Enquirer: 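Questions regarding the structure given below will be posed in turn.
Since we're looking at a predicted model, the values are computed, not measured. For reference, positions follow the sequence shown, starting with 1.
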Amino acid sequence: MTVTPRTALTIAGSDSGGGAGVQADLRTFFANGVHGLVALTAVTVQNSLGVQGFSEIPVDVVTAQIKAVAEDMGVDAAKTGMLATAEIIQSVAKTLDEVHIGRTTDTPFVVDPVAASMTGHALLREEALEAIRTELFPRATLITPNLDEVRLLTGVSVTDAASQRTAAEALLEFGSQWVLVKGGHLCDTADCVDLLTDGSAIIELSGPRIDTENTHGGGDTMASAITSSLAKGADVPTAVAEAKRFIERCVMEAYPLGAGVGPVSPFWRLANPR
């Protein structure tokens, strides 16, 4: 008898190069054994050299996608990626309440606040950053910013373990249940240490720093791996630990593609099913 897998919803933009955005989310969902659902927020024009432009999806179409899949198929966990504008962010937040997704419901919600480019430059205007802080974070089970996004959202520049904890405390004030401050961009350290906290428990997850330039889609892949585990019933610390192991292997197996930064790869899971 065929068993229907758990479902995970990504609310994010597309990547025409296939390495990040909903493309990374869907292949991560697949690799982790969950059925991927999509609410597309933007179509980007990009390749391994960077984003050259994007076109937003109309807000009513974004919210209609969320309602269509939630009301018919059900959502076991959800995540956000690129949301582009304050209007989209506010509308998504309202719609999540309507379909009962978020930290006060039975459906976990992960916010990957895509707000900085690979070079650390802001991708969102201040009003969109403020909407992330005030609309999405209070609804989030977990938020997963990288260090550039931490700086844009809080003003805290993470340079060591102490400032990483300061940043986590500042992020928790915005209202999410858990915060994961990823240490991948702290390049002066021998290991890559991510800090997970809910304000009482403080969990450090350390892993090897892998020598590769091909890290495109790493943040999307980790957030969607966490979402996959949450969809299957894991608690947050377990989901993050599982995703940490998954992304480490994806970075180890990253491959060159194009003239710029290649993508991290979940293809190893095809030869090594759990």
Enquirer: Do the side chains of Phe29 and Thr227 get nearer than 4.5 Å, heavy atoms only?
Expert: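 A side-chain contact under 4.5 Å exists here.
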Enquirer: Do Lys79 and Ser224 make a side-chain contact, defined as non-hydrogen atoms from C-beta onward lying under 4.5 Å apart?
Expert: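 Result yes, sub-4.5 Å side-chain heavy-atom pair found.
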Enquirer: Taking the side chain as every heavy atom from C-beta outward, state whether Arg165 and Glu204 have any atom pair closer than 4.5 Å.
Expert: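 Contact flag for Arg165/Glu204 side chains = yes.
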Enquirer: Is it true that Val38 and Ile11 fall in one hydrophobic cluster, defined by side-chain heavy atoms closer than 4.5 Å?
Expert: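 As far as the 4.5 Å side-chain criterion goes, Ile11 and Val38 are connected within one cluster.
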Enquirer: Apart from Met1 itself, what residues make up its hydrophobic cluster when side-chain heavy atoms of I, L, V, M, F, W and Y under 4.5 Å apart count as a link, directly or indirectly?
Expert: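 For Met1, no cluster forms, as it stays isolated from other hydrophobic side chains.
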Enquirer: Report yes or no: is the cationic atom of Arg27 (NZ for Lys, CZ for Arg) under 6.0 Å from the centre of the six-membered ring of Phe267, at an angle within 45° of the ring normal?
Expert: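 That pair qualifies as a cation-pi contact.
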Enquirer: Is there a path of hydrophobic side-chain contacts, each under 4.5 Å between heavy atoms of I, L, V, M, F, W or Y residues, that connects Leu49 with Val45?
Expert: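 Shared cluster, no.
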Enquirer: Over all heavy atoms of both residues, which pair between Leu129 and Ala115 is shortest? Give the atoms and the distance, please.
Expert: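 So the minimum-distance heavy-atom pair works out to CD2-CB, 3.7 Å.
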Enquirer: From Tyr255 OH over to His216 NE2, what is the distance, rounded to the nearest 0.5 angstrom?
Expert: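 Interatomic distance, Tyr255 OH to His216 NE2, rounded to 0.5 Å: 10.0 Å.
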Enquirer: What heavy-atom pair brings Gly74 and Thr7 nearest, and what distance separates the two atoms?
Expert: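 Here Gly74 and Thr7 meet closest at O-OG1, 2.8 Å.
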Enquirer: Using a 4.5 Å cut-off on heavy atoms from C-beta on, say whether the side chain of Ser176 contacts that of Val111.
Expert: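 With C-beta onward as the side chain, the pair stays apart.
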Enquirer: Leu37, Val61: one ILVMFWY side-chain cluster at the under-4.5 Å cut-off?
Expert: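 Leu37 clusters together with Val61.
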Enquirer: Tell me the closest heavy-atom pair linking Ala128 and Ala86, and the distance in Å.
Expert: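 Heavy atoms of Ala128 and Ala86 come nearest at CB-N, 3.8 Å.
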Enquirer: How long is the gap from SG on Cys192 to CZ on Arg209, to the nearest 0.5 Å?
Expert: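 Separation between the atoms: 5.0 Å.
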Enquirer: Check this for me: Asp106, atom CG, are more than 12 non-hydrogen atoms of other residues, nucleotides or ligands nearer than 6.0 Å?
Expert: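 No.
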Enquirer: If you define the side chain from C-beta out and look only at heavy atoms, does anything of Thr238 sit under 4.5 Å from Ser229?
Expert: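 When only atoms from C-beta onward are counted, Ser229 and Thr238 do not touch, as no gap falls below 4.5 Å.
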Enquirer: In Å, rounded to the nearest 0.5 Å, how long is the span from CD1 of Ile143 to CD of Glu149?
Expert: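 Here the interatomic distance stands at 10.0 Å.
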Enquirer: Each residue besides Leu230 in its hydrophobic cluster should be listed here, by chain and number; the cluster joins Ile, Leu, Val, Met, Phe, Trp and Tyr at side-chain heavy-atom distances under 4.5 Å.
Expert: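 Val110, Leu142, Trp178, Leu180, Leu196, Ile203, Leu205, Ile210, Met222, Ile226, Val236, Val240, Ile247, Val251, Met252, Val264, all in the cluster of Leu230.
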Enquirer: Which value, rounded to the nearest 0.5 Å, describes the distance between Leu9 atom CG and Thr80 atom OG1?
Expert: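 Between atom CG of Leu9 and atom OG1 of Thr80 there are 10.0 Å.
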Enquirer: How far does CD of Glu253 sit from CH2 of Trp268, to the nearest 0.5 angstrom?
Expert: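 Interatomic distance, Glu253 CD to Trp268 CH2, rounded to 0.5 Å: 8.5 Å.
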Enquirer: Under a 4.5 Å cut-off applied to non-hydrogen side-chain atoms, are Pro263 and Leu257 in contact?
Expert: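 Heavy-atom side-chain distance check passes, below 4.5 Å.
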Enquirer: Partners of Glu127 by salt bridge (Lys or Arg N to Asp or Glu O under 4.0 Å), sequence neighbours excluded?
Expert: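 Glu127 satisfies salt bridge (Lys or Arg N to Asp or Glu O under 4.0 Å) with no residue once adjacent residues are dropped.
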Enquirer: For residues 92-101, which side-chain N or O atoms pair as donor and acceptor with protein atoms under 3.5 Å away, sequence neighbours left out?
Expert:
unit_1: Thr95; atom_1: OG1; unit_2: Ser91; atom_2: O; d: 2.8
unit_1: Asp97; atom_1: OD1; unit_2: Arg139; atom_2: NE; d: 3.1
unit_1: Asp97; atom_1: OD2; unit_2: Arg139; atom_2: NE; d: 3.2
unit_1: Asp97; atom_1: OD2; unit_2: Arg139; atom_2: NH2; d: 2.7
unit_1: Glu98; atom_1: OE1; unit_2: Lys67; atom_2: NZ; d: 3.2

Enquirer: Quick one: are Asp220 and Val114 in side-chain contact, heavy atoms under 4.5 Å?
Expert: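 Yes, their side chains come closer than 4.5 Å.
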Enquirer: Applying a strict under-4.5 Å side-chain criterion to I, L, V, M, F, W and Y, I'd like to know whether Val193 and Val181 cluster together.
Expert: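 In one cluster with Val193: Val181, no.
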Enquirer: So, Thr28 and Asp25: side-chain donor and acceptor under 3.5 Å apart, yes or no?
Expert: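 Distance-only check fails for Thr28 and Asp25.
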Enquirer: Minimum heavy-atom separation for Thr44 to Phe54, with atom names?
Expert: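 Shortest heavy-atom separation between Thr44 and Phe54 comes out as CA-CB, 3.9 Å.
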Enquirer: Once salt bridge (Lys or Arg N to Asp or Glu O under 4.0 Å) is applied, do any residues pair with Glu126, and if so which ones, sequence neighbours excluded?
Expert: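 Testing Glu126 for salt bridge (Lys or Arg N to Asp or Glu O under 4.0 Å), a comparison that skips the adjacent residues, returns Arg133.
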Enquirer: Quick check on Glu213: does its CD atom have over 12 non-hydrogen neighbours (other residues, nucleotides or ligands) under 6.0 Å away?
Expert: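 Check fails, neighbour count at 12 or below.
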Enquirer: Measure across Ala243 and Ala225 and return the closest heavy-atom pair with its distance rounded to 0.1 Å.
Expert: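 The answer is CB-CB, 3.7 Å.
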Enquirer: side-chain contact (heavy atoms from CB on, under 4.5 Å) with Val150: which of Thr166, Val158, Val179?
Expert: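 Of all the options given, the one that passes is Val158.
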Enquirer: Kindly compute the distance separating CD (Gln90) from CG (Leu136), expressed to the nearest 0.5 Å.
Expert: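 Between Gln90 CD and Leu136 CG, I get 9.5 Å after rounding to 0.5 Å.
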Enquirer: Does the side chain of Phe246 reach to within under 4.5 Å of the side chain of Arg269, using non-hydrogen atoms?
Expert: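 Counting from C-beta outward, Phe246 and Arg269 do come under 4.5 Å.
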Enquirer: Residues two or more places apart in sequence or in another chain: which of them pass ring pair (Phe, Tyr, Trp, His ring centres under 6.0 Å) with Phe109?
Expert: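 If we apply the ring pair (Phe, Tyr, Trp, His ring centres under 6.0 Å) test to Phe109, skipping adjacent residues, there are no hits.
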Enquirer: Work out which heavy atom in Ala84 is nearest to a heavy atom in Glu56; give both atom names and the distance.
Expert: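 Reported closest heavy-atom pair: CB-CG, 4.3 Å.
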